[in-house]
S.K.: 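What follows is a structure written as structure tokens; I'll ask about it next.
The shown structure was predicted, so the numbers you read here are calculated from the model rather than taken from an experiment.
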Amino acid sequence: MKIYHRKNFATGLFFTALGLAFLGLMLARWEFPAKWVFWCLFGLTLGPGILARSLSREASRQDRVEERDERNRLIDMKTKGLAFRLTEGISYVLGLLFLVSGALAKDDSIVALGLGFILTVTIAMFAEVGAWFHYEKKL
């Protein structure tokens with residue numbers, strides 16, 4: 001018997017031990033509170049299944065592929081979110097700098113550049129709120 005996915009094996013052992021511990025505790029005290037029954041069933045249902053997947057070559061390979069896919073999606077979402085926030089912040093700072101410098105120099109073209117940057121920040125804010133409402137309704 002070979003362990004193909006050590007992380008899943010440890011997780012499976014933990015949940016199986018949790019279920020067995022609650023089962024032993026319930027039998028020792030001869031009490032069956034709903035919480036303990038839930039954790040016992042949860043551990044004994046989930047643990048052996050994860051253990052079996054960690055001992056199967058094909059199931060472990062599939063789990064690793066799924067982990068990588070989820071990780072890559074998470075990294076992609078985080079980088080796009082950070083890039084969006086940075087672009088929004090930089091546009092806001094540049095807009096304020098152009099507005100102030102244009103007002104001090106009394107040059108309307110510099111003020112117009114500042115207003116353009118501020119307009120992009122405003123559009124980004126509305127897009128963010130719209131996306132939030134869309135996903136709030138969708139999920």
Side-chain angles (χ1 to χ4, degrees):
M1 179 182 330
K2 183 173 179 183
I3 300 170
Y4 292 102
H5 199 296
R6 292 175 193 233
K7 186 174 124 184
N8 280 359
F9 185 77
T11 304
L13 274 179
F14 171 76
F15 281 117
T16 304
L18 180 75
L20 290 174
F22 273 104
L23 180 64
L25 189 63
M26 287 187 301
L27 291 176
R29 293 187 178 189
W30 206 247
E31 294 177 20
F32 300 97
K35 276 195 245 182
W36 293 4
V37 171
F38 169 77
W39 286 113
C40 177
L41 290 175
F42 180 75
L44 291 177
T45 304
L46 192 63
I50 295 174
L51 273 174
R53 288 189 69 81
S54 71
L55 298 175
S56 166
R57 175 181 283 168
E58 190 57 39
S60 294
R61 186 177 299 139
Q62 184 182 6
D63 288 345
R64 287 184 198 280
V65 168
E66 287 174 6
E67 283 175 5
R68 278 189 231 121
D69 288 345
E70 288 179 20
R71 182 177 181 274
N72 289 340
R73 279 187 272 152
L74 177 67
I75 290 171
D76 188 45
M77 287 189 319
K78 284 189 171 206
T79 55
K80 285 181 180 179
L82 180 62
F84 178 76
R85 285 191 303 273
L86 285 173
T87 303
E88 194 175 25
I90 291 169
S91 295
Y92 184 72
V93 169
L94 284 174
L96 288 179
L97 287 175
F98 280 124
L99 283 175
V100 169
S101 64
L104 293 176
K106 297 193 187 335
D107 188 0
D108 290 340
S109 62
I110 297 176
V111 171
L113 280 172
L115 288 175
F117 277 109
I118 296 297
L119 180 65
T120 59
V121 172
T122 306
I123 291 170
M125 284 182 187
F126 282 119
E128 187 176 0
V129 169
W132 184 84
F133 279 120
H134 169 74
Y135 285 114
E136 185 68 26
K137 193 182 338 176
K138 187 176 181 180
L139 300 175

S.K.: I need the Leu115 CG to Ile110 CD1 distance, nearest 0.5 Å.
M.R.: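 Nearest 0.5 Å value for the CG-CD1 distance: 12.5 Å.
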S.K.: What's the spacing between Leu18 CG and Leu23 CG if we round to 0.5 Å?
M.R.: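 CG of Leu23 is found 11.0 Å from CG of Leu18.
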S.K.: Tell me which pairs pass ring pair (Phe, Tyr, Trp, His ring centres under 6.0 Å) where either residue lies in residues 97-120, with sequence neighbours left out.
M.R.: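 For residues 97-120: Phe98-Phe117.
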S.K.: Starting from Val93, walk the hydrophobic network (Ile, Leu, Val, Met, Phe, Trp, Tyr; side-chain heavy atoms closer than 4.5 Å) and list everyone else you reach, by chain and number.
M.R.: Leu97
S.K.: What residues, two or more places apart in sequence or in another chain, satisfy side chain to side chain donor-acceptor pair (under 3.5 Å) together with Asn8?
M.R.: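 Checked Asn8 against side chain to side chain donor-acceptor pair (under 3.5 Å); matches are Asp63.
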S.K.: Restricting to salt bridge (Lys or Arg N to Asp or Glu O under 4.0 Å), what partner residues turn up for Arg64, sequence neighbours left out?
M.R.: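 With neighbours one apart ignored, the set is empty.
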S.K.: Per the side-chain hydrogen bond (donor to acceptor under 3.5 Å, both in side chains) rule, what does the pair list look like for residues 11-20, sequence neighbours excluded?
M.R.: none
S.K.: Do you know which two heavy atoms are closest between Ile50 and Gly12, and how far apart they sit?
M.R.: CG2-N, 3.7 Å
S.K.: Sequence neighbours left out, what passes side-chain contact (heavy atoms from CB on, under 4.5 Å) with Leu86? Give chain and number order.
M.R.: Leu82
S.K.: Could you list all the side-chain hydrogen bond (donor to acceptor under 3.5 Å, both in side chains) pairs where at least one residue sits in residues 113-133, not counting sequence neighbours?
M.R.: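 side-chain hydrogen bond (donor to acceptor under 3.5 Å, both in side chains) check on residues 113-133 returns no pairs.
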S.K.: With sequence neighbours left out, write down each residue that passes side chain to side chain donor-acceptor pair (under 3.5 Å) with Arg61, or none if nothing qualifies.
M.R.: Glu58
S.K.: Can you list, by chain and residue number, the hydrophobic cluster partners of Leu104 when the side-chain cut-off is 4.5 Å?
M.R.: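 Members besides Leu104, by chain and number: Val100.
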S.K.: Would you kindly confirm whether Ile90 and Ile118 end up in one hydrophobic cluster when ILVMFWY residues are joined by side chain heavy atoms under 4.5 Å apart?
M.R.: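 Different clusters.
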S.K.: Please check if Leu13 and Leu55 belong to a single hydrophobic cluster, counting links between Ile, Leu, Val, Met, Phe, Trp and Tyr side chain heavy atoms closer than 4.5 Å.
M.R.: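 Same hydrophobic cluster.
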S.K.: Cut-off 3.5 Å, no hydrogens considered: what does the side-chain donor-acceptor table look like for residues 27-45, sequence neighbours left out?
M.R.:
{"unit_1": "Thr45", "atom_1": "OG1", "unit_2": "Leu41", "atom_2": "O", "d": "2.5"}

S.K.: List the atom of Ser56, the atom of Tyr4, and the distance in Å for their closest heavy-atom pair.
M.R.: C-CD1, 3.7 Å
S.K.: By the side-chain hydrogen bond (donor to acceptor under 3.5 Å, both in side chains) test, which pairs, at least two apart or in different chains, include something from residues 92-113?
M.R.: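 The answer is Asp107-Ser109.
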S.K.: Identify, with sequence neighbours excluded, every residue that meets salt bridge (Lys or Arg N to Asp or Glu O under 4.0 Å) alongside Lys80.
M.R.: Asp76
S.K.: When clusters are formed by joining ILVMFWY residues with side-chain heavy atoms under 4.5 Å apart, either directly or through shared neighbours, do Phe14 and Leu25 land in the same one?
M.R.: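 As far as the 4.5 Å side-chain criterion goes, Leu25 and Phe14 are connected within one cluster.
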S.K.: Count I, L, V, M, F, W, Y as connected when their side-chain heavy atoms are under 4.5 Å apart, and connections chain through other members. Are Leu94 and Phe84 then in the same cluster?
M.R.: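 No; Phe84 is not reachable from Leu94 via cluster members.
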S.K.: If I compare all heavy atoms of His5 with all of Ser60, which pair ends up nearest, and what's the gap?
M.R.: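 Looking at all heavy atoms of both residues, the closest pair is CB-OG, 3.5 Å.
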S.K.: Looking only at non-hydrogen atoms, find the nearest pair between Ala124 and Glu88 and report the distance.
M.R.: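 Of all heavy-atom pairs spanning Ala124 and Glu88, the closest is CB-OE2, 4.0 Å.
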S.K.: Do Leu113 and Leu96 sit in the same hydrophobic cluster, where Ile, Leu, Val, Met, Phe, Trp and Tyr count as joined when their side-chain heavy atoms come under 4.5 Å apart?
M.R.: no
